[in-house]
**Q** 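This is the structure I have questions about; it appears just below.
Convention: sequence-line order gives letters A, B, ...; per-chain numbering from 1. Worth saying up front: this structure is predicted, and the values here are computed from it rather than measured.
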Protein chains: 4
Amino acid sequence: MKNSIGTSVVLTLAGESHGPGIVAILDGMAPGIHVDESFIADQLARRRPCGATETARREPDDFSILSGVNEGFTTGAPIAIFIPNTDVRSADYAALEHLVRPSHADYPARIKYKGFEDQRGGGHFSGRITAGIVAAGAIAISALKAKDIRIGTHILSCAGVEDEPFGPEPAAQIDRLDGSDFPVLGNVADAMTERILAARADGDSVGGVIQTAIDGLPAGVGEPWFGSVEGVIANAMLSIGGIKGIEFGSGFALAGMRGSQANDPWEMPGDGNPRTITNHNGGVNGGISNGMPVVFNCVVKPTPSISIPQHTIDLRTGRNTTLQINGRHDPAIVRRVCIVATSITAIAVCDLLALHFGTDYINQHDFWLDR
Amino acid sequence: MKNSIGTSVVLTLAGESHGPGIVAILDGMAPGIHVDESFIADQLARRRPCGATETARREPDDFSILSGVNEGFTTGAPIAIFIPNTDVRSADYAALEHLVRPSHADYPARIKYKGFEDQRGGGHFSGRITAGIVAAGAIAISALKAKDIRIGTHILSCAGVEDEPFGPEPAAQIDRLDGSDFPVLGNVADAMTERILAARADGDSVGGVIQTAIDGLPAGVGEPWFGSVEGVIANAMLSIGGIKGIEFGSGFALAGMRGSQANDPWEMPGDGNPRTITNHNGGVNGGISNGMPVVFNCVVKPTPSISIPQHTIDLRTGRNTTLQINGRHDPAIVRRVCIVATSITAIAVCDLLALHFGTDYINQHDFWLDR
Amino acid sequence: MKNSIGTSVVLTLAGESHGPGIVAILDGMAPGIHVDESFIADQLARRRPCGATETARREPDDFSILSGVNEGFTTGAPIAIFIPNTDVRSADYAALEHLVRPSHADYPARIKYKGFEDQRGGGHFSGRITAGIVAAGAIAISALKAKDIRIGTHILSCAGVEDEPFGPEPAAQIDRLDGSDFPVLGNVADAMTERILAARADGDSVGGVIQTAIDGLPAGVGEPWFGSVEGVIANAMLSIGGIKGIEFGSGFALAGMRGSQANDPWEMPGDGNPRTITNHNGGVNGGISNGMPVVFNCVVKPTPSISIPQHTIDLRTGRNTTLQINGRHDPAIVRRVCIVATSITAIAVCDLLALHFGTDYINQHDFWLDR
Amino acid sequence: MKNSIGTSVVLTLAGESHGPGIVAILDGMAPGIHVDESFIADQLARRRPCGATETARREPDDFSILSGVNEGFTTGAPIAIFIPNTDVRSADYAALEHLVRPSHADYPARIKYKGFEDQRGGGHFSGRITAGIVAAGAIAISALKAKDIRIGTHILSCAGVEDEPFGPEPAAQIDRLDGSDFPVLGNVADAMTERILAARADGDSVGGVIQTAIDGLPAGVGEPWFGSVEGVIANAMLSIGGIKGIEFGSGFALAGMRGSQANDPWEMPGDGNPRTITNHNGGVNGGISNGMPVVFNCVVKPTPSISIPQHTIDLRTGRNTTLQINGRHDPAIVRRVCIVATSITAIAVCDLLALHFGTDYINQHDFWLDR
């Protein structure tokens, strides 16, 4: 299983930037989940580059559901989604074929695939492939929402501008993000945009940190060691190009705390559902969900495609040289990565739930004859 | 596969803190790897609590190899290792049975396992289980070293004291760590120890950050999306209790950089092996190893067992109460986690290599008749 | 992993009989394998119904490679193939919606999928899905042939007519099957066809036994217990609808032999490659290939769709009733299953080889710059 | 995953015939399953050689549960069982070290493991390893029985003597087998024993066919293609040394039937639970259980260890030679394989159920506080 992730609910991805399109197969979803194609389209639109801060490349993101959905409901069979590529201009890239782009996959791909890799537009390494994650994730997000499990991601920081973090009860904040084109909780969109534009003006790029919250995940999901909630989610998030780190709860700040500060004391509120007073552990203890919101941050590195000249090598000649990349590039992918993070997290959560509660948990829909 | 990790090289763990002992099965290793039992014993000793800063509980860590090794060499069959428990004093824990220890697995385990979980000494959640990782990892570490692949972990920070990070060519630093009881690169052991002792004097605990380097990993290992080097290693590391975050290369600091700072330019040195001038990406591009050292940091939360009274609930009465933990506890596990991190990383690296190069890659030993 | 099979080389299938089409993703194949689209088309044509004995339904089997192939070579990225459905006439089936067809999946599917399953034309259970296996398998067959590993399947018996079995050195027989429309080794095609037509004239159907040989598989592949060559191939073959049993070598006839008859004595011929004098074990000892041809038989049940009236139940009324199936149906699928069996076997063999020898074994193609 | 089988419920095996013992780890079982150690001991005793027909080697089969069970109940953590070896006489085997025993794993093991394999007593290939399957399976059998799912295996034929097959409602027959030392349904034990003794008198061995029935498996378990009930069980059964074929329901006899004979018509009896009038499909349609008993036969080849001289090669000299095996050997393993077949089937069924219904399905035990 190289291009698949999951155990009971499994996502398989295929496709290249300049090939016919992207294929995602989402397998193991319960039957009877309502599939809203307009929600999938909305999610794909949110992944698209848009506005002043991003590349002008148009990605209309048509898509077709090729299997696994009938009369608007999942059938229980694997769901295949195809997202055709359009507006592909390979000529932009041809000249660079043997120049290794710094911090791209060019060099390791050449060693691994011996030059047979599709190099046009990043090939299978292109961020374009995340459209498959987003389309499949939309179905998972809907299914979870019907079970009152909500997932949302915002830009926690970008180019030095900080957003406010999720609060202790993030459900309303997550709902608010749903309608947003620039996913932030506070009033920081303009400041972030300004910094991104400044980087672009310099032919440069910026990175950031994104924060994801899962609200409503029942306690008891995940495994003590391998298969822990943290391991499963970290594996999913660090499969996404550009994400170089993840931290749960207070994360790296825990290194500077004492146990008496970092521990989350339990209390029994009036409703009889135990809860922790703080959530430094990000909703996971011993690898298992504890019923509190699962919160984690991921760092997104600056887009490696910059137009400033860079030192590199020519693989054909074996000589040092200088690379100048032209073409259309995002000065920041941090906004677009948010929807990808929410999507892959939703799929991972469906897998964790199905493994523990069974395939039908995420949709205990009544028998068809009753619908 | 809940308590197993890996695809071609697989580690399976079993055991509880106060049961008969810990079992680790390491499967998929090549035949013909020399197994040095004294090295396994040394590694287990390094995982033991020792000295002034840690719990006084004695763990002699005898072990038996139950299968998969014959006449000092791996046979290619699964390697089972048993590490018996000794010096178990369950009485220390009995009184707490229904009080939820903050930031331990008590509450989620109760929900998941319905009270059937073994609660004595943390049961299957105990750090004791990591002895299985260390014993199995010792075989992986040896096998890799014979292929000039070195892995080492040091305490990058603890209780506010910072060690120096790995340099661009960490092989010698890794070798130096091998002989060390307190794995740091700089002259910071005393300062760290002092802070740990101060926490213990207060009945409190501290956390830290550990840094791991893999030197000599060939370029071309790992997959573009799922199965990326970062995803595989993150999954392994975040399976270890107490680790709450991971970052590769410059990690979260990348969020504050521009692309022109974060990108690692390539150069062709005299030896004809392409290398990057910097290593902000931690040896991985597009999910695949690029031939540079793979470097990552993990945050270790403060030990949750503290003797300061804590607010919590009693699961039998459903009431709020106060918990005071006595008994023997580490004020810091950060030193002991280093050897666990190196061990699980070595197993993950063996898996990545076996998947790409085949089972025999890590030991192209000649045929038996020639040995 | 529900609709995926394999560990290092993985096939994932999706699609329904009356949906847009079939999707197959073949992942883990080495880069640099030449992909001959006309060979894929030929293989798909051989899976099509044809001639007097089979359904008149037209299946032109156009296909598109959506990813993983560039300039005629595999890239190492996952290969997605789409085979659109055409000539779909759902009306034939609508009337039967609540009548359980005997020996079809109707009843268990209704329980499992709660009525949300796509029932048109068998939905995801349709033999139509095997087109995905055949298209993906064509790439595996080509890759293996370039390594002198040949796989072929013929009809060993059908409706009481027996073909001659594979001989001790089946390579030439396999090559002969490649060009055949009705895959038999002896002069039995007419007799089999006659019996099939007789069954059709009665509104009935027939089954048979198919025999597969793998020639050239190197010794040493497979695992002693789980992951044995027999277990891996049996899992693959019994995943195909209509196949109800498998036997390796002399199979069920071994039950009537003594050890002295069943054992395969070894000899050292002049070429220095040990071989067995007989091959009752079908090329596998202790789960591992022994260098002899791997030979196995699979039983194919009679097509369950017959036009003779059958006793059954109506799921809507819960009453007993009689079912009469009209429409286009094969009186025998045994011919068409041969190519499916060869295809899935080729994929399983690629997986076994990749796991042991590494990803690149099946194509040690030189670096791209040299092609 | 080489020496592991399963997805949600996973069995991992380790051990060699003449090493310290056998280790089995059964992971993914629900918490709260009562573990009866005397039942495990009984099952292990039934796997032992005994009586006139089998080897005189004593195997007392002590065992220890090393983890995953507390106060007589499963905890939900992985269950490790150790079965120490005793009465090991390696000298019997030493002389044969370089002579390839026909139809044993000697030659392929030598190629795969390069001579590092443990050759004493068959090493990891020894039937001794099945003790681990039986011990772990005993827990699965108990858990299923508490859910009214019964599994039993009898000798359907041995050395030409035929037992009567399972009837349409096998529950009572399965219960009857539970108490039997020689698992047959009819009065054929003496005739079979006589034939086995006759083979032994000739220094030869015999094979047979075993038949397994699963009664009470709910409809709707298993997957349409990969992960089918047949594929999962076939994989499990063909992982056992000596089993060379499997057939479900009427199996290979289906090849000679017409559809009108082979199809299983449905009827609605008074109790409102649909059932088929015949069961030629062995309880599985389209890969999914249909609520009828799952019935399958497996062929067991004659024990390859015979004392009649055999033609073979000497791997050290590369020359042809003659092999005469002395020592203690079973003239028939068909009796002992029955309990192994039941055990591995029970584990596979637990996995199928857990994947569909969730981890807790096989034991919906009340919360601990209520026990």
**Q** Does any part of the side chain of A:Thr130, heavy atoms only, come nearer than 4.5 Å to the side chain of A:Leu13, both counted from C-beta?
**A** no
**Q** Let's test your reading of the structure: which of A:Gly21, A:Ser64, A:Pro84, A:Gly68 forms the most heavy-atom pairs below 4.5 Å with chain C?
**A** A:Gly68
**Q** Is it the backbone or the side chain of C:Ile22 that comes under 4.5 Å from a heavy atom of chain A, or both, or neither?
**A** neither
**Q** As an exercise, state the distance from CD1 of A:Ile111 to CD of A:Glu117, rounded to the nearest 0.5 Å.
**A** 9.5 Å
**Q** Which bit of C:Ile79 comes within less than 4.5 Å of chain A, counting heavy atoms only: side chain, backbone, both or neither?
**A** neither
**Q** Quick one: which of C:Thr74, C:Thr12, C:Asp118 has the most heavy-atom pairs under 4.5 Å with chain A, could you say?
**A** C:Asp118
**Q** So how far is it from A:Ile133 CD1 to A:Leu26 CG, rounded to the nearest 0.5 Å?
**A** 11.5 Å
**Q** Would you compute the distance between atom OH of C:Tyr361 and atom NZ of C:Lys147 and round it to the nearest 0.5 angstrom?
**A** 4.5 Å
**Q** Given that the side chain runs from C-beta out, which part of C:Phe82 has a heavy atom under 4.5 Å from chain A: side chain, backbone, both or neither?
**A** side chain
**Q** Are any side-chain N or O atoms of A:Asn85 and backbone N or O atoms of A:Gly19, one a donor and one an acceptor, separated by less than 3.5 Å?
**A** yes
**Q** Side chain, backbone, both or neither: which part of C:Thr359 has an atom under 4.5 Å from a heavy atom of chain A?
**A** side chain
